[in-house]
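Structure record follows, encoded as structure tokens.
First listed ligand is number 1; within each ligand, the first listed atom is number 1. Keep in mind it's a predicted model, so treat the numbers as computed, not measured.
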Amino acid sequence: MSGMNEPPAYRADLRIDLAAIRHNVAVLSGHANESGARTMVVVKSDGYGHGASAVAEAALRSGADWLGVASIPEALGLRERGISAPLLCWLYQRGDDVAGAVRAGVDLSVSSEARLHDVVTAAESTGHTARIHLKIDTGLHRNGAPAESWERLVALAAKAEAEGTVEVFAVWSHLACADEPGHPSIDTQAERFRLAHEQALAAGLRPLRHLANSAALLTRPDLRFDMVRPGIAVYGLDPVPQEGDHGLRPAMTFRSSVALTKRIAAGESVSYGHNWTAPTDTNLALVPVGYADGVPRSLSDRFSVLLGGERRPVVGRVCMDQIVVRCDDDQVAEGDEVLLFGPGDRGEPTAAEWADELGTIHYEIVTGMYRPRVTRTVVAEDTL
Ligand SMILES: Cc1ncc(COP(=O)(O)O)c(C=O)c1O
């Protein structure tokens, strides 16, 4: 019989360590401060899966000045949660609630005449001056105004500023290969960025500049300009681990607990397809998480978990709701904690390890974890 006083067993839970977020923001904004730059913490995609408003509040208490999101609903969601800090939104399109964003004091990125027109219209209809950040495409060739249209965009923005509908707060861009320090595109983009800023000055604007993501913030102090925009490093995942230890602490731990234990005989096989056969008699632990909870099925027979203080292999296929852990002759019990990934402090796998095994990046692992059946436990104890 299980005891009444045992700690609760987690089925599939993301433990979010806000002390780690605060530590990381303090490290990153410390670097930014050395260069006289402010720090915009990127909390798009629900704070890379960690919870946007909790991360935002923690970041603003630890050295961040600004927040950045991709979409207008994300920006308005933060405002609804009472977050009034400067906030930039950079990807919206015709039909989106631009007026709502302007009314809520959300800064908007502008990459085209059409978006400038939308913002000016929103400013006129709301009676608010809209603050904008003109985005130049310096070579990523994703969002941003192409160089050919920059001069005209800048001139139109200067006219709108003179008329009082917009304030051009910044000129900005985004790097393609910042996580490959020394890649020649970085200097090419930086040069094009300088030129675009000069053109803005020549048009009579006085914008600030921001370019650097986490990787550039950590490796290129000369590109910090007036503000930096770290995302992944805020969550403690290093985009440039090959450059040394940057003192970041991963904030997300994915945990579960043992739901059932049993022993099988040598020669018995486990899970759908019977892909794994026990070479010896072995104890097994059933863990109630599967691919519906963010454990990729393609990790089947290729990963391990921390259980009972040891790394133990997951055997057989990952199912929708369950995985099976091989425990040999060790005794593990129902309710024992299982760490699927975390900071690695206790020897558990990390999100980076999953990403390497899967041929992807840790960004994709953490942003994909929060799902309807997965809980999130935000832990806020102050260790700073
Ligand atoms: C425009 C922009 N700036 C900054 C970031 C933060 O990048 P990172 O997470 O690599 O620090 C992102 C994220 O992709 C972004 O889209």
Side-chain angles (χ1 to χ4, degrees), residues 20-21 24-25 27-29 31-32 37-50 52 55-56 59 63-72 74-75 86-92 106-111 115 132-145 169-181 183 185-186 189-190 193 196 208-221 223-243 246 248-252 351-352 355 360-368:
I21 299 278
N24 298 330
V25 172
V27 168
L28 298 166
S29 61
H31 291 315
R38 300 179 217 180
T39 302
M40 175 189 294
V41 161
V42 179
V43 293
K44 63 181 180 167
S45 190
D46 200 16
Y48 289 41
H50 295 66
V55 170
D65 312 284
W66 278 73
L67 302 169
V69 292
S71 71
I72 289 178
E74 289 174 310
L87 168 59
L88 174 64
C89 168
W90 52 72
L91 193 53
Y92 54 96
V106 173
D107 286 39
L108 291 161
S109 172
V110 167
S111 294
R115 292 294 81 78
I132 62 172
H133 300 223
L134 294 174
K135 187 168 192 186
I136 174 80
D137 179 0
T138 53
L140 179 58
H141 298 316
R142 208 174 60 170
N143 205 351
F169 187 79
V171 164
W172 75 300
S173 192
H174 193 43
L175 296 168
C177 307
D179 57 351
E180 296 175 53
H183 193 287
S185 68
I186 300 171
Q189 287 196 256
F193 186 59
L208 303 184
R209 290 165 295 168
H210 53 95
L211 177 67
N213 59 0
S214 300
L217 157 61
L218 291 169
T219 62
R220 289 291 302 259
L223 300 185
R224 290 175 187 158
F225 296 107
D226 301 301
M227 184 151 69
V228 292
R229 302 188 311 271
I232 197 72
V234 167
Y235 305 97
L237 302 176
D238 196 327
V240 280
Q242 71 275 25
E243 298 293 301
H246 296 104
L248 303 170
R249 284 173 27 200
M252 180 185 286
T360 184
I361 51 176
H362 42 34
Y363 295 68
E364 188 182 1
I365 303 298
V366 290
T367 52

Item to complete: Mark up the atoms of ligand 1 that fall under 4.0 Å of a heavy atom belonging to Ile232, in ascending order.
Response: 8 (P), 9 (O), 11 (O)

Worksheet item: So which heavy atom in the protein is nearest atom 9 (O) of ligand 1, and how far is it from that ligand atom?
Response: Tyr48 OH, 2.6 Å

Worksheet entry | Worked check of side-chain contact (heavy atoms from CB on, under 4.5 Å) between Ile21 and Val234 | CA-CA 6 Å; Ile21 299 278; Val234 167; 4.2 Å; yes

Worksheet entry | Centroid-centroid distance, His210 to Phe225, less than 6.0 Å | no

Worksheet entry | Protein contact of atom 11 (O) of ligand 1 - nearest heavy atom, named by residue and atom, plus distance | Ser214 OG, 2.5 Å

Discussion item. According to side chain to side chain donor-acceptor pair (under 3.5 Å), does anything in residues 39-50 pair up with another residue at least two apart or in another chain? List the pairs.
Written reply: Asp46-Arg376

Fill in: Contacting atoms of ligand 1, where contact means under 4.0 angstrom from a heavy atom of Trp172
1 (C)

Item to complete: Among all protein heavy atoms, pick the one closest to atom 2 (C) of ligand 1 and tell me residue, atom and distance.
Response: His174 CE1, 3.4 Å

Worksheet entry | Which residue and heavy atom of the protein sit nearest atom 10 (O) of ligand 1, plus the separation | Tyr363 OH, 2.6 Å

Worksheet entry | Taking atom 7 (O) of ligand 1 as the reference point, the nearest protein heavy atom with its distance | Asn213 CB, 3.4 Å

Item to complete: Measure the distance from atom 13 (C) of ligand 1 to every protein heavy atom, then report the residue, atom name and distance (to 0.1 Å) of the closest one.
Response: Lys44 NZ, 2.8 Å

Fill in: For the student: nearest non-hydrogen atoms of Val228 and Ala32, plus distance
CG2-CB, 3.7 Å

Practice prompt. Indicate whether the side chain of Asn143 and that of His174 have a donor and an acceptor atom separated by less than 3.5 Å.
Written response: no

Discussion item. I need the nearest protein heavy-atom contact for atom 3 (N) of ligand 1: residue, atom name and distance, please.
Written reply: Arg229 NE, 2.9 Å

Item to complete: Before signing off on this row, confirm whether Gly231 and ligand 1 have an N or O atom pair separated by under 3.5 Å.
Response: yes

Worksheet item: Under the 3.5 angstrom rule, does the side chain of Asp226 hit a backbone N or O of Arg209 as a donor-acceptor pair?
Response: yes

Item to complete: For residues Ala70 and Glu74, report the shortest heavy-atom separation together with the two atoms involved.
Response: N-OE1, 3.1 Å

Worksheet item: Given that the side chain starts at C-beta and the backbone is N, CA, C, O, which of these parts of Arg142 lies under 4.0 Å from ligand 1, counting heavy atoms, or is it both or neither?
Response: side chain

List the atom pairs, with distances to 0.1 Å, where a side-chain N or O of residues 361-368 and a protein N or O form a donor-acceptor pair under 3.5 Å, not counting sequence neighbours.
unit_1	atom_1	unit_2	atom_2	d
His362	NE2	Asp238	O	2.9
Glu364	OE1	Thr360	OG1	2.4
Thr367	OG1	Tyr363	O	2.8

